[in-house]
Engineer: 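One structure coming up, written as structure tokens, with questions to follow.
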There are 2 protein chains.
Amino acid sequence: MTYICITDSINMEKFFNRVGQFVQLTKEGRDALASILRKVELPKDHLLVKQDSVCHFVYFIERGLTRTFYYKDGKDVTDWLSAEDMFASSIISFLTRKPDRRGIVLLEDSVLWGLHHDELELLYKQYHDIERLGRLLVSFGLIQLQQRFDELHFATAAQRYQTLMENNPTFIQRVPLGMIASYLGITQETLSRIRAQH
Amino acid sequence: MTYICITDSINMEKFFNRVGQFVQLTKEGRDALASILRKVELPKDHLLVKQDSVCHFVYFIERGLTRTFYYKDGKDVTDWLSAEDMFASSIISFLTRKPDRRGIVLLEDSVLWGLHHDELELLYKQYHDIERLGRLLVSFGLIQLQQRFDELHFATAAQRYQTLMENNPTFIQRVPLGMIASYLGITQETLSRIRAQH
DNA sequence: CAATCCTTTTGACAATTGTCAAAAACCTAA
DNA sequence: TTAGGTTTTTGACAATTGTCAAAAGGATTG
């Protein structure tokens with residue numbers, strides 16, 4: 001099979017569309033950001049971030065699906081799932097600059113746009129509007145995490161599955177059941193039984 | 001009983017000490033921030049943020065204890081607890097500018113320093129270093145929430161209580177058991193039994 | 001097609017946690 | 001101190017979810 005890429009490596013359109021939902025960048029800020037943006041095309045099962053290492057990138061997902069995971073008592077736990085038009089990073093490691101148990105693996109062939117921490121940090125210092133973008137992206141992440149936290153706090157397994165189907169119906173098709181289960185904080189047997197009661 | 005306050009209303013020292021742990025502000029930034037900082041002294045049980053309303057402030061706690069809560073199926077759920085040297089806000093509402101079910105109540109007589117959203121927003125625009133402070137504070141909040149999320153995700157009730165005792169031992173003394181229980185995502189009976197097995 | 005591998009489902013049972021109700025312990029104020 | 005309120009503990013039982021093991025179902029490959 002043959003792929004023909006037309007001006008592919010410079011097509012940052014989707015990334016900047018998304019960014020534009022957070023902040024209106026100046027021409028300078030936009031150019032600076034473009035200058036450090038790195039396109040990565042990687043196949044399914046590629047380990048994007050190794051566990052127990054420092055995560056140096058935050059990725060925008062143009063196409064594909066990432067799974068953030070870690071091991072708890074020997075068991076694989078899915079911490080987060082991100083699909084196209086969202087961001088992915090081992091965020092605690094990215095922010096603290098320390099290794100974290102979370103790794104990230106691709107569940108599908110993916111097209112990502114990466115921003116390196118140190119380069120982004122330089123732009124934060126230089127461009128006020130990029131610092132603002134950073135603030136708004138982290139705020140967005142916090143809101144998402146809080147919503148997920150609320151679910152886990154006092155909703156039953158069935159309710160959590162219900163919410164997932166409403167918010168991210170495609171995950172059900174695209175992510176193996178065992179990974180969905182641990183994402184919801186339950187075992188795969190329990191999820192299978194929830195599903196059986198349709 | 002009589003209280004004598006000496007230069008009390010201008011003592012922002014603790015606030016700026018804390019802020020200094022996040023970012024080194026310029027003289028201008030610091031002064032601007034000081035100019036919008038509002039001291040609030042409020043008694044125990046005061047409702048700092050009403051449920052289902054927009055939260056306009058983020059508070060630094062010089063002294064005291066706040067409880068963020070909401071009602072889930074008619075039951076009171078403790079979402080977050082913050083004590084001295086930490087921050088408190090109905091953060092989702094503060095960030096989204098929309099009402100949120102979370103309210104905040106004081107569990108002790110408290111001394112707080114409040115920042116109004118709109119005034120802070122103006123400073124964000126004017127002062128790059130305050131925007132940076134905002135980014136770092138939100139990042140800090142995200143890290144804390146992630147840690148709490150991890151707990152809830154796959155730790156047993158006893159493990160969660162154990163972690164709370166390690167990280168916030170004073171909460172055990174200062175917060176009623178029922179509120180600690182819902183903070184940990186369990187019933188108060190379960191927590192009482194965990195405690196009984198010392 | 002058969003063989004293999006991986007994912008999902010099902011069954012039997014155990015462990016954890018929740019529910020409801022009542023008793024005990026603890027505060028506070030008259 | 002006593003009376004009244006609130007908080008915490010305890011008991012009996014139910015519901016939910018987990019564990020372990022095996023079977024069923026799907027996909028891939030030679």
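Computed from a predicted structure; not experimentally measured. Numbers restart at 1 for each chain; the letters A, B, ... are given by sequence-line order, proteins then strands.
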Engineer: CD1 of B:Ile194 versus P of D:dT9: gap in Å, rounded?
Structural biologist: 12 Å
Engineer: May I have the distance from B:Ile186 (atom CD1) to D:dT9 (atom P), rounded to whole angstrom?
Structural biologist: 12 Å
Engineer: I'd like to compare against my own output: the B/S/- annotation of nucleotides 22-30 of chain C with a strict under-4.0 Å heavy-atom distance to protein.
Structural biologist: ---------
Engineer: Would you tell me whether B:Gln147 and B:Glu151 have side-chain atoms, one donor and one acceptor, within less than 3.5 Å of each other?
Structural biologist: no
Engineer: C:dA15 C1' sits how many Å from A:Asp73 CG, rounded?
Structural biologist: 16 Å
Engineer: Any donor-acceptor pair under 3.5 Å linking the side-chain atoms of A:Arg67 with those of A:Thr78?
Structural biologist: yes
Engineer: Can you tell me how far P of D:dA27 sits from CD of A:Gln173, to the nearest Å?
Structural biologist: 13 Å
Engineer: Rounded to whole angstroms, how far apart are CG on B:Leu184 and C1' on C:dT17?
Structural biologist: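 Checked: the CG to C1' distance equals 13 Å.
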Engineer: Indicate yes or no for a side-chain donor-acceptor contact from A:Arg63 to the backbone of A:Val111 under 3.5 Å, with no hydrogens or angles considered.
Structural biologist: no
Engineer: Could you run down nucleotides 4-11 of chain C 5' to 3' and tag each one B, S or - for protein heavy-atom contact under 4.0 Å?
Structural biologist: ----BBBB
Engineer: When the ring centroid of A:Phe57 is compared with that of A:Phe94, is the distance short of 6.0 Å?
Structural biologist: no
Engineer: Without decimals, in angstroms, what is the distance between A:Phe154 CZ and D:dT16 P?
Structural biologist: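 Going from CZ in A:Phe154 over to P in D:dT16 covers 16 Å.
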Engineer: If you count heavy atoms of other groups shown closer than 6.0 angstrom to CD of B:Gln159, is the number above 12?
Structural biologist: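 Counting neighbours around CD of B:Gln159, more than 12 heavy atoms of other residues, nucleotides or ligands fall under 6.0 Å, so yes.
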Engineer: For the pair B:Ser93 (side chain) and B:Lys98 (backbone), establish whether a donor and an acceptor sit closer than 3.5 Å, ignoring hydrogens and angles.
Structural biologist: yes
Engineer: Consider only side-chain N and O atoms of A:Gln146 and A:Asp150, and report whether a donor and an acceptor are under 3.5 Å apart.
Structural biologist: yes
Engineer: Is B:Lys75 near enough to C:dG18 that one of its side-chain N or O atoms lies under 4.0 angstrom from OP1 or OP2?
Structural biologist: no
Engineer: So, do B:His116 and B:His56 have ring centers that fall under 6.0 Å from each other?
Structural biologist: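 Ring-ring flag for B:His116/B:His56: true, centres closer than 6.0 Å.
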Engineer: Grab the CD-C1' distance between A:Gln197 and D:dT16 for me, whole Å please.
Structural biologist: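 Checked: the CD to C1' distance equals 11 Å.
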Engineer: Check each of B:Lys14, B:Arg174, B:Arg18 against B:Glu84 using the salt bridge (Lys or Arg N to Asp or Glu O under 4.0 Å) test, and report the only one that passes.
Structural biologist: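 Option passing the salt bridge (Lys or Arg N to Asp or Glu O under 4.0 Å) with B:Glu84: B:Arg174.
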Engineer: Between A:Gln159 (CD) and D:dT16 (P), how many Å, whole number?
Structural biologist: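 Whole-Å distance recorded here is 11 Å.
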